[in-house]
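A short worksheet on the structure shown next.
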Amino acid sequence: MSWLRALRDTARSGMTVERTRLEPLIAVRAAVGLAIVIGAGLAFLGPGAAASSAFGAFMAAIATLQQSWRPRPVLALASGLTLAVSTFIGYLVGSSQTGLFLLLLAVWAFAAGLVWAAGPTAGIIASGNVAIMLVTVTLPTSVPQAAGHAAMIAAGGVVQTLLIVLFPVRRWGAQRDALADALAAEADYARRLRHYPVASFDPEPLMKARDAATVTVRQARRRPAELHGARGLAERIRPVLASLADPAVGAPAEGPARERVRELLEAAGAVLDAAAHAIRHGDPVRPPAPASAVLKAPDLAEVFRGAPLRAARRLAALLDDVLETAEPGSGRTADPAEAMLRPTVPALVPLVLKAVRAELRPGSPVLRHAVRVTAAACAGYLIGHALPFGHAYWAPMASVMVMRPDFTQTWSRAVARFGGTLVGVGVATAIVRLAQPGMYLSGLLAVVSAGLMYVLMRTGYAVGQAFVSAYVVFLLGMGGVRWDQTVPDRIALTLVGGVLAMLAYAVYPAWETPRLRTRLADWIAADGRYAAAVLGQYADPAGARRADVREALLAARDARIAWQEALERAEGEPVRHRGLSRAAAEGAGDALAALGRNAMLLEAHLPDRAHAPVPGAAELARALREATEAGAKAVRERRVPRWDGVREALAAPYAPQPGVVRGAAELLLDSLDEVSEALRP
């Protein structure tokens with residue numbers, strides 16, 4: 001992609017306004033918290049203290065609106081306290097000498113960039129702390145005042161925390177939505193299988209549901225029982241649906257058995273939808289009576305034989321368990337000891353440090369991001385002081401807030417921030433000139449602007465930035481700063497900060513395109529280990545560990561998501577493909593998705609421990625593992641992978657005989673051949 005096209009596409013994406021689900025009650029609660037701290041600050045301590053507490057409450061609310069499964073009070077409190085500490089340290093250093101503050105800014109910005117290794121929520125909170133620190137260190141005039149301002153910032157975070165605890169909005173709503181989305185995705189999958197028996201399934205909803213099911217110890221004791229077991233059942237239903245529909249291991253492609261399969265899949269979709277609706281809203285489960293009748297039809301043994309019959313019966317049993325689990329007040333209890341536990345905030349510190357240390361290596365995208373943020377923030381700080389404007393902190397603040405570890409987000413956010421600033425500052429300035437608001441009315445307008453930002457922030461960065469800009473204008477006006485002292489400065493310095501962010505990525509990029517082959521190779525190896533782990537269950541049913549299959553499946557899903565995210569980022573980069581064209585990437589990705597699906601077909605029919613070992617399964621598993629490891633190495637070295645070992649294992653005299661294992665293994669080899677064909681020059 002050319003630079004001109006990349007600039008055009010990123011600008012368009014940055015200014016896009018999306019239709020998304022709004023959460024007005026949560027936004028109102030956040031705005032009320034902001035109003036409380038601003039009102040109390042103005043009434044008892046003056047505009048300066050009110051502005052400090054407003055920044056703390058404002059950033060604490062933004063932290064709670066991030067897509068994180070950690071409890072919202074913890075996010076709000078962590079944001080407020082860390083911002084207070086940053087502000088106090090910043091004043092202690094910056095009040096004595098500009099050079100020392102520049103050094104502190106470099107250290108803080110570099111640390112904030114590295115924190116992205118712990119995830120986007122931590123990265124956004126850290127970036128916000130650096131940006132707001134640049135503003136708040138200019139408010140106090142002495143160390144006691146700095147301590148007071150830091151205390152007010154912390155108080156703003158505490159107020160938001162208390163409001164979340166005292167007035168919860170749709171408790172467990174995010175977890176309910178994640179689990180309901182997973183069940184709804186499987187319902188849609190069942191219906192698609194009726195018409196396309198080898199349809200693919202994106203595991204992202206199941207992965208999101210797994211993240212949502214990972215809770216703290218306190219959450220585990222309070223979690224509703226219906227959120228405890230349905231996810232595991234959904235994981236087991238998916239391979240059963242696929243094996244029932246696929247003619248290779250299920251019912252024939254035509255005939256009465258195929259018609260019954262279509263009826264079963266339609267009924268399964270209806271039942272899963274009913275369970276999803278019940279979990280999402282906390283209502284009783286109301287499965288359609290016709291669907292239940294189809295799933296419990298007494299003539300299944302007359303229509304199906306062998307593997308299809310086992311799959312049909314297994315599907316009916318699993319769906320019964322889903323309905324029982326999803327029923328509120330059904331008597332089922334969630335044992336906290338069985339929950340997947342999330343580490344507490346203190347226990348999270350060593351894990352974050354470990355993740356950061358892992359990124360301190362040449363070529364790390366996170367390390368490059370930290371270097372870019374540091375350079376842009378320091379350069380913006382120096383340029384802001386050199387230019388004949390006031391409020392020099394706006395340039396580095398804009399750089400820190402728009403920069404992300406990937407090209408598309410950084411450039412699109414830079415464009416959106418400038419566009420949103422123009423609109424927000426323009427509208428707020430017009431209001432100030434017409435209404436001439438006083439101190440309290442300016443505070444009220446600031447709260448309204450922030451509330452609208454909370455409501456609409458997920459519709460697009462440009463929309464949110466427009467309201468943030470208006471919020472800052474009204475907040476500064478609350479302290480008596482005239483509009484003509486802020487508007488030109490903010491627009492010019494926002495442009496400077498955005499340009500610095502864009503130049504930093506252009507000069508020191510971290511392109512995803514050259515790493516696509518590595519991501520693809522990782523996915524090949526992970527899929528191979530998953531398929532080999534499933535075959536290992538057939539080779540030794542009595543001694544095999546089922547946990548090995550689960551761990552390999554999760555690793556394969558992570559590799560697939562990493563590939564998809566890398567491919568999406570690479571599509572917007574202005575660099576050559578360097579050996580992996582878009583067509584080759586799409587073909588190889590489709591083939592590997594089919595490989596994972598074929599391994600899932602085998603998993604649907606895992607033998608019990610009393611079953612005899614399948615002859616040749618062990619040799620086939622070993623050949624598959626070795627071939628995919630060698631194939632992954634070949635992809636990294638820009639060679640076309642070969643699968644001779646797997647082909648020889650299937651042709652050997654000891655190979656599995658015709659049946660589920662043989663049929664699925666042949667499908668695995670076909671998928672591997674498709675990978676090679678897609679990568680062939």
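Position 1 is the first residue of the sequence, and the numbers go up from there.
- Two residues are said to be in side-chain contact when any heavy atoms from C-beta on lie closer than 4.5 Å; Phe474 and Val432 meet this criterion.
- Contact detail for Gly464 and Met453: the closest heavy-atom pair is O-CG, 3.3 Å.
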**Request:** Starting from the C-alpha separation in whole Å, work towards a yes-or-no answer on side-chain contact (heavy atoms from CB on, under 4.5 Å) for Met340 and Arg210.
**Result:** CA-CA 9 Å; Met340 296 181 294; Arg210 177 179 172 82; 3.3 Å; yes
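- Rounded to the nearest 0.5 angstrom, Trp411 CH2 and Gln409 CD are separated by 15.0 Å.
- Here the options are Asp177, Leu179, Asp181, the test is side chain to side chain contact (heavy atoms under 4.5 Å, CB included), and the partner is Ile279; only Leu179 passes.
- A donor-acceptor contact under 3.5 angstrom links the side chains of Trp108 and Ser86, judged on distance only.
- Here Met457 contributes atom CE and Leu65 contributes atom CG; the two are 5.5 Å apart, rounded to the nearest 0.5 Å.
- Remark: side-chain polar atoms of Arg372 are not paired, donor with acceptor, to backbone N or O of Tyr505 under 3.5 angstrom.
- Formation of a donor-acceptor pair under 3.5 Å by the Gln564 side chain with backbone atoms of Ile561 is not found in this model.
- When side chains are defined from C-beta on, Ser53 does not count as touching Ile38, because their heavy atoms never get closer than 4.5 Å.
- With contacts defined as side-chain heavy-atom distances shorter than 4.5 Å, the pair Pro120/Gln66 does not qualify.
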**Request:** Apply the test side-chain contact (heavy atoms from CB on, under 4.5 Å) to residues His369 and Thr410: give CA-CA distance (whole Å), side-chain angles for both, the deciding distance (0.1 Å), then the verdict.
**Result:** CA-CA 10 Å; His369 171 66; Thr410 297; 5.7 Å; no
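- Phe110 is listed as a side-chain neighbour of Val371, based on a closest heavy-atom distance under 4.5 Å.
- One finds the CD1 atom of Ile132 at 5.5 Å from the CZ atom of Phe55 (value rounded to the nearest 0.5 Å).
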**Message:** side-chain contact (heavy atoms from CB on, under 4.5 Å), that's the test. Do Val496 and Trp394 meet it? Break it down for me.
**Reply:** CA-CA 9 Å; Val496 170; Trp394 272 328; over 6 Å; no
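- If you take CZ on Arg557 and CG on Leu206, they are separated by 5.0 Å, rounding to the nearest 0.5 Å.
- Around the CZ atom of Arg218, the shell of radius 6.0 Å holds no more than 12 heavy atoms that belong to other residues, nucleotides or ligands.
- Checking side-chain atoms of Arg72 against main-chain N and O of Thr161 turns up no donor-acceptor pair under 3.5 Å.
- Not a single donor-acceptor pair under 3.5 Å links the side chain of Ser127 to the backbone N or O of Ile124.
- Surrounding CZ of Arg170 are more than 12 heavy atoms belonging to other residues, nucleotides or ligands, all under 6.0 Å away.
- Side-chain atoms of Gln160 come within 3.5 Å of backbone N or O of Ala57 as a donor-acceptor pair.
- Atom CE in Met59 sits 5.0 Å away from atom CD1 in Ile62 (nearest 0.5 Å).
- Put simply, the side chain of Ser68 reaches to within 4.5 Å of the side chain of Leu75, judged on heavy atoms.
- Side-chain atoms of Tyr91 do not come within 3.5 Å of backbone N or O of Ala146 as any donor-acceptor pair.
- Separating the CG atom in Asn129 from the OG atom in Ser79 is a distance of 5.5 Å, to the nearest 0.5 Å.
- Here the side chains of Val285 and His277 are not in contact, with every heavy-atom distance at 4.5 Å or above.
- A 6.0 Å sphere centred on CD of Gln145 holds more than 12 heavy atoms belonging to other residues, nucleotides or ligands.
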**Prompt:** Arg176 and Glu226: salt bridge (Lys or Arg N to Asp or Glu O under 4.0 Å), yes or no, with the steps?
**Reply:** CA-CA 9 Å; Arg176 288 185 179 278; Glu226 60 266 26; 2.9 Å; yes
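- The side-chain heavy atoms of Arg29 and Val32, taken from C-beta on, include no pair separated by under 4.5 Å.
- Of the possible polar contacts, one joining the Ser399 side chain to the Gly497 backbone as a donor-acceptor pair under 3.5 Å is found.
- For Phe101 and Tyr381, the gap between ring centers is short of 6.0 Å.
- At least one test fails for Arg417 against the ring of Tyr461: distance under 6.0 Å to the centre or angle within 45° of the axis.
- Put simply, the side chain of Thr121 does not reach to within 4.5 Å of the side chain of Trp116, judged on heavy atoms.
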